[in-house]
Number of protein chains: 2
Amino acid sequence: MKHRDIWRGLDALAAHHGLTASGLARRAGLDPTAFNPSKREGADGRPRWPSTESLARVLESVGSRFEDFAALVDGRRGAIAPLIGFAQAGQDGFFDDAGFPVGGGWEEVRFPGLETESVYALEISGDSMEPAYRAGDRIIVSPGSEVKPGDRVVAKTIDGEVMAKVLARKNTRTVDLASLNPAYPTRSFKPPEIVWLARILWASQ
Amino acid sequence: MKHRDIWRGLDALAAHHGLTASGLARRAGLDPTAFNPSKREGADGRPRWPSTESLARVLESVGSRFEDFAALVDGRRGAIAPLIGFAQAGQDGFFDDAGFPVGGGWEEVRFPGLETESVYALEISGDSMEPAYRAGDRIIVSPGSEVKPGDRVVAKTIDGEVMAKVLARKNTRTVDLASLNPAYPTRSFKPPEIVWLARILWASQ
DNA sequence: TTGACAATAGGTGAATATTCCTATTAAGCG
DNA sequence: CGCTTAATAGGAATATTCACCTATTGTCAA
């Protein structure tokens with residue numbers, strides 16, 4: 001945690017609430033100039049740090065927790081993962097071409113950022129992945145991770161279908177997605193039919 | 001985040017590294033008396049806050065991240081979960097009577113504290129819970145949670161055996177633990193034979 | 001354009017944290 | 001016990017942040 005990280009975190013916190021650093025200070029009952037760029041280092045270039053008490057008042061004023069601010073300071077992502085239902089996930093407008101969630105308005109589920117990966121949560125419906133995933137379970141999905149055969153993945157087809165499967169085979173001619181539930185057959189796709197594959201990192205139990 | 005939370009977090013950080021508040025200050029190159037209880041409020045009872053710069057130096061000295069400290073301040077647990085192998089888990093001295101891990105020296109796995117639960121991680125060996133858990137998967141276990149039939153649980157028997165199972169039945173006369181892998185039979189225990197049951201919250205995929 | 005307001009720079013005094021000092025108490029050790 | 005060290009309390013001097021002040025610039029809307 002360095003001097004510049006603190007100020008970057010403070011700016012990010014302000015931006016997260018639609019405020020400027022100045023507006024954030026005003027809202028916290030502090031002097032509006034307290035977070036001025038000119039106040040972030042002394043005349044001799046010595047770094048200036050906001051006091052812990054000022055940080056506490058800022059966090060109080062916007063209703064954020066200390067840990068959320070710290071996540072901003074550390075520059076980590078994924079402390080909060082957006083939660084999406086499979087029914088919604090099939091609709092357009094929820095993911096970009098790379099499989100990352102876009103837009104807002106989702107419920108948020110507190111999830112532990114692993115490293116710096118960008119993740120989101122999906123709520124399971126259906127029984128094709130029983131017994132590993134039961135309806136209502138939540139899975140944490142990383143659209144940025146590499147997938148290899150054997151991984152549990154979320155796939156989106158060009159038809160808009162979103163499903164959690166086991167990646168059985170993947171080559172230039174075919175992408176095979178297996179269900180754990182033997183009542184469901186393995187489905188075979190041609191690569192162009194799969195819009196994206198995202199690896200499942202965690203599953204609630 | 002309140003005044004007492006900051007100081008509690010600082011004490012917890014020190015304790016986490018086997019130090020006192022005084023020792024932590026010394027290690028950070030600060031005055032050893034800087035964190036004295038007598039310096040935590042002024043003569044008039046006005047609260048005193050450690051400066052952000054002092055916090056930064058403290059975190060630097062012990063190699064902790066700001067977010068870890070914030071988790072301590074917020075009173076949340078589980079940002080870091082100790083990782084234990086099943087082979088070790090069966091030995092004595094790794095858990096207390098309530099099923100909480102004790103002692104130290106484990107590898108630590110970064111895990112996202114959900115709520116305020118105390119959690120730890122176990123690495124799966126064996127195939128009795130295939131296909132849900134494969135050897136090498138990591139499960140996040142909460143010894144403090146209530147367990148009910150249908151939950152995936154970790155159980156420890158009086159024989160010292162530690163296993164991940166599905167809780168099939170639990171009443172005053174019997175505790176039935178089922179495997180997901182049909183090749184393994186359901187095992188039935190009498191309640192006194194089970195030392196503790198801990199619910200599995202998450203599983204890596 | 002003009003007016004109101006936000007954001008910002010720069011400076012000063014007040015408020016407050018830290019260091020440095022001394023003294024006391026407690027804990028470990030030969 | 002006697003010795004050393006850590007932890008702590010209390011106080012004074014120093015260092016730094018904050019609130020307050022003034023002035024400038026930019027934005028937005030009437």
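Order of the sequence lines fixes the chain letters, A, B, ..., with proteins taken first and strands second; residue numbering starts at 1 for each chain.
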Between A/F69 and A/V58, does a side-chain contact (heavy atoms from CB on, under 4.5 Å) hold up when you go through it step by step?
CA-CA 10 Å; A/F69 174 67; A/V58 162; over 6 Å; no

Which nucleotide in the set D/dT8, D/dA19, C/dG10 lies at the smallest distance from any side-chain heavy atom of A/S38?
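Among the listed nucleotides, the one closest to the side chain of A/S38 is C/dG10.
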
Of the nucleotides C/dT8, C/dA17, C/dT19, which has the atom closest to the B/R46 side chain?
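Nearest to the side-chain atoms of B/R46, counting from C-beta on, is C/dA17.
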
[X] side-chain N/O to [N] phosphate OP1/OP2 under 4.0 Å:
X	N	result
B/S51	C/dT18	yes
A/R48	D/dA15	no
A/R26	C/dA7	yes
A/T20	C/dA7	yes
B/S54	C/dT18	yes
A/R40	D/dT17	no

Rounded to whole Å, how long is the line connecting atom [atom1] of [X] with atom [atom2] of [N]?
X	N	atom1	atom2	answer
B/R57	D/dT16	CZ	C1'	14 Å
B/E41	D/dG10	CD	C1'	14 Å
A/E53	C/dT16	CD	P	8 Å
A/L55	D/dT17	CG	C1'	12 Å
A/L19	C/dC5	CG	P	18 Å
B/N36	D/dA6	CG	P	14 Å
B/D44	C/dA15	CG	C1'	11 Å
B/D31	D/dT16	CG	P	15 Å

If you define the side chain from C-beta out and look only at heavy atoms, does anything of A/R26 sit under 4.5 Å from A/L19?
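No, their side chains stay 4.5 Å or more apart.
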
Side chain to side chain, B/P50 and B/W7, heavy atoms closer than 4.5 Å
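B/P50 vs B/W7: side chains touch.
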
Of B/K39 and A/A34, whose closest DNA chain D nucleotide lies nearer the 5' terminus?
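Checking each residue's closest nucleotide, the 5'-ward one belongs to B/K39.
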
Regarding B/G42, tell me which of base, sugar-phosphate or nothing describes its non-hydrogen contacts under 4.0 Å with the strands shown.
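Result for B/G42 = nothing.
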
So, taking the atom named NE2 in A/H3 and the one named CZ in A/R48, what distance separates them when rounded to the nearest 0.5 Å?
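Interatomic distance, A/H3 NE2 to A/R48 CZ, rounded to 0.5 Å: 9.5 Å.
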
N-O pairing of B/R8 and B/D5 below 4.0 Å
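Between B/D5 and B/R8 there is a salt bridge, with a charged N closer than 4.0 Å to a carboxylate O.
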
